[in-house]
Amino acid sequence: MPINQSDIEKVAQLAHLELAEEELKTFAPQIAEIVSYVEQLNEIDTSNVEPALGGLTPEGEKTDTSRPDEIAGSLGQKVALAEAPDPASGHFRVPKVL
Amino acid sequence: MTKSERNWDSMSRQTVEFSITAAEKLNEILNAFLQIDRQGAIRRAQEIEQSGQAGPLAGIPIAVKDNICVKGMQASCGSKILGNYHPPYNATVIERLAKAGAVVVGKTNCDEFAMGSSNENSAFGPVRNPWDTTRVSGGSSGGSATAVAAGIVPVALGSDTGGSVRQPASLCGVIGLKPTYGRNSRYGLVAFASSLDQIGIFAREVEDVARVLSVIAGRDPHDSTSADVPVPDYTASLTGDLKGARLGFPRALFGKGLDDEVKQSVESVVDVYRELGVEIVDVDLPSAGYAIAVYYIIATAEASSNLARFDGVRYGFRAEDAPELRQMYRKTRAEGFGPEVKRRIMLGTYVLSAGYYDAYYRKAQQVRTLIKNDFLKAFESCDAIITPTSPTPAFAIGEKVDDPLAMYLNDIYTVTANLAGVPGISVPCGLSSERLPIGFQLIGPYWSEPALFKLSHAYEQARPFLERPPISAS
């Protein structure tokens, strides 16, 4: 089923994007075209194929990624807040939630 | 800057000053840099000079794509949503470069969050190709490719998710390497598609790429995907000895959609290798034709998840006049992201949404397995595979901007290496009739960087690419 404007509106909601009417009009046919292009994969029989797990090499999969459970240094409150758009009293302040 | 103009052992302040002056002077034309750190770079160069510290890259000026964190400098990712963000730490590759004595002179322009093949998706304007400023530099690491091509710096870093180092390298006439997945740490690289992203290297000479990879490669506890595989001295592989080497030629990829001049140029590279004693063997990559479709499902799905963190709370831009939290998220992201990033976030959200996961994402990961298997099989009969890097030379700025699918097809030769996790290198092999660079690509098995360096270095010695662009620092 081809993607229409109301599908795009739903997806934009899920993605936390507020789109203008004009953007919806541009994006809907573009995304529909890309989706129909990627649907060429349906030509391939993959019933006996395992999905890939990322780009990991065999050596990468074997690499031990665990570390000792020890307390290490961190950024600290001051540095962590230094780039925040609205820091307040040592916290990230946001608009009201409800 | 070529080898004759510099000496790796005795560079520092003068060389760094040369780079900064060139960057400042040419930026009005090329728009390759988003930040040039004159004071900081000269201070670091002086420190290195005074300390007498002779690291392997002592005093080498280097440009860094603006999605890799350098402490004290900006990291905008070419996006308004990060804008003036200054990360509080260095990426691991930057730590390693600094220890080796390299000096970061500036942050380079790129497509927003590394999404694009032309650099036109930067919130700060496109980078211009130094060979023809009406043409694109390629993308997404276009600023880094241009900075090296124009002789501003000898080396630059980029990131390559689907070809974002190799394709601009090809369009600008420089070398570009995407290493094996897991070769470099990505700690401090702003994530786009985590199963594909790798930090890559631009230079004018293969030897310089090898030197830099020897410094930045290796396991890093901060990145669980970095593999515990020993790092050799990659310059030791530049022996010129191609005895017994076998190069795979995937004939089927030299057909539809490939520009005639690019085809002829890359086929003549095959002849050069034959003259150098390399055995040319036919190989087949039957699933390669599906790579773009697979890529645009996997990359957008991962991007939609990675870019969820940009919400106006902890860093970067926050939209005004949004009195409620969710409204603030939506407005911030609507005003902060450009059209291509929004398009990809939505595509990724769509393919991952309830009921579609199996049809798109799982299917794509299955076809990805087939693409990987194609390579494993091909490498049973050869040491590397040769392809064009890009189907055409640099196209005009604005030419493909309204047709996202046409733009995606630029990556047809490069995305397979990211999907399979194998390394690829782009090497310049001539100019088109319009004097635009053409590049060929070598793709090798996992951890075959020494073989790629050996093969590309031998070509470089046999057919040095000595042409320089009209916009150039020297």
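Within every chain, numbering begins at 1; the chains are lettered A, B, ... in the order of the sequence lines, protein sequences first and strands thereafter.
- At a 4.5 Å heavy-atom cutoff, Val351(B) makes no contact with chain A through either its backbone or its side chain.
- Here the closest heavy-atom approach between residue Thr65(A) and residue Ser224(B) is recorded as CG2-O, 3.2 Å.
- For the pair Glu83(A) (side chain) and Gly316(B) (backbone), a donor-acceptor distance under 3.5 Å is absent.
- To the nearest 0.5 Å, the span separating NE2 on His16(A) from CD on Gln327(B) amounts to 12.0 Å.
- Side-chain contact between Lys96(A) and Leu325(B) is absent, with no heavy atoms from C-beta onward closer than 4.5 Å.
- In this structure, chain A has no heavy atom under 4.5 Å from any part of Asn373(B).
- The contact between Ser226(B) and chain A is made entirely by backbone atoms, counting heavy-atom distances below 4.5 Å.
- Of the listed residues Pro88(B), Ala308(B), Ala227(B), the one with more heavy-atom pairs under 4.5 angstrom with chain A than any other is Ala227(B).
- The environment of CG in Leu53(A) is sparse: at most 12 heavy-atom neighbours from other residues, nucleotides or ligands sit within 6.0 Å.
- Contact record, Pro85(A) with Gly312(B): CG-O, 3.2 Å, taken as the closest heavy-atom pair.
- No more than 12 heavy-atom neighbours from other residues, nucleotides or ligands sit within 6.0 angstrom of NZ on Lys71(B).
- For Glu61(A), no part lies near chain B; criterion is any non-hydrogen pair under 4.5 Å.
- Within the 4.5 Å cutoff, the side chain of Gln366(B) has no heavy atoms near those of the Ile44(A) side chain.
- Of all the heavy atoms in Ile345(B) and Ala15(A), the pair that sits closest is CG2-CB, 3.7 Å.
- Note: Lys372(B) NZ to Thr57(A) OG1 = 8.5 Å, rounded to the nearest 0.5 Å.
- A pairwise comparison of heavy atoms in Ile34(A) and Pro404(B) identifies CD1-CB, 4.3 Å as the closest pair.
- Atom CG of Leu405(B) and atom CD1 of Ile31(A) lie 12.5 Å apart (nearest 0.5 Å).
- At distances below 3.5 Å, at least one donor-acceptor pair connects side-chain atoms of Thr369(B) with backbone N or O atoms of Glu50(A).
- Contacts between Tyr290(B) and chain A at a heavy-atom distance below 4.5 Å involve backbone atoms as well as side-chain atoms.
- At a threshold of 4.5 Å between non-hydrogen side-chain atoms, the residues Val94(A) and Arg318(B) count as touching.
- Within the 4.5 Å cutoff, the side chain of Asp64(A) has no heavy atoms near those of the Asp228(B) side chain.
- Ranked by heavy-atom pairs under 4.5 Å with chain B, the first of Val79(A), Leu56(A), Leu75(A) is Leu56(A).
- Glu39(A) and Tyr360(B) form a side-chain donor-acceptor contact under 3.5 Å, judged by distance and modelled atom types alone.
- A 4.5 Å side-chain heavy-atom check between Thr63(A) and Arg219(B) finds at least one atom pair inside the cut-off.
- Heavy atoms closer than 4.5 Å to chain A are found in the side chain of Tyr408(B), but not in its backbone.
- Contact between Ala364(B) and Leu41(A) at its shortest, heavy atoms only, is CA-CD1, 4.0 Å.
- Across Pro95(A) and Pro323(B), no two heavy atoms sit closer than the pair CB-O, 3.5 Å.
- For Asp223(B), no part lies under 4.5 angstrom from a heavy atom of chain A.
- With a 4.5 Å cut-off on non-hydrogen atoms, Val229(B) touches chain A through its side chain but not through its backbone.
- Proximity of Leu409(B) to Tyr37(A): side-chain heavy atoms (C-beta onward) are separated by under 4.5 Å at one or more points.
- The shortest side-chain heavy-atom distance between Lys10(A) and Tyr350(B) does not fall under the 4.5 Å cut-off.
- Using a 4.5 Å cut-off between heavy atoms, Pro221(B) does not touch chain A at all.
- Using non-hydrogen atoms only and a strict 4.5 Å limit, the part of residues 330-344 of chain B facing chain A consists of Arg330(B), Lys331(B), Arg333(B), Ala334(B), Phe337(B), Pro339(B), Lys342(B), Arg343(B).
- Considering only heavy-atom pairs separated by less than 4.5 Å from chain A, the leading option among Ser195(B), Ala293(B), Pro87(B) is Ala293(B).
- Val11(A) has its side chain out of reach of Ser353(B): every pair of non-hydrogen atoms, C-beta onward, lies at least 4.5 Å apart.
- Of the atoms belonging to Ala322(B), it is backbone heavy atoms, and not side-chain ones, that fall under 4.5 Å from chain A.
- For Met346(B), the parts lying under 4.5 angstrom from a heavy atom of chain A are both the backbone and the side chain.
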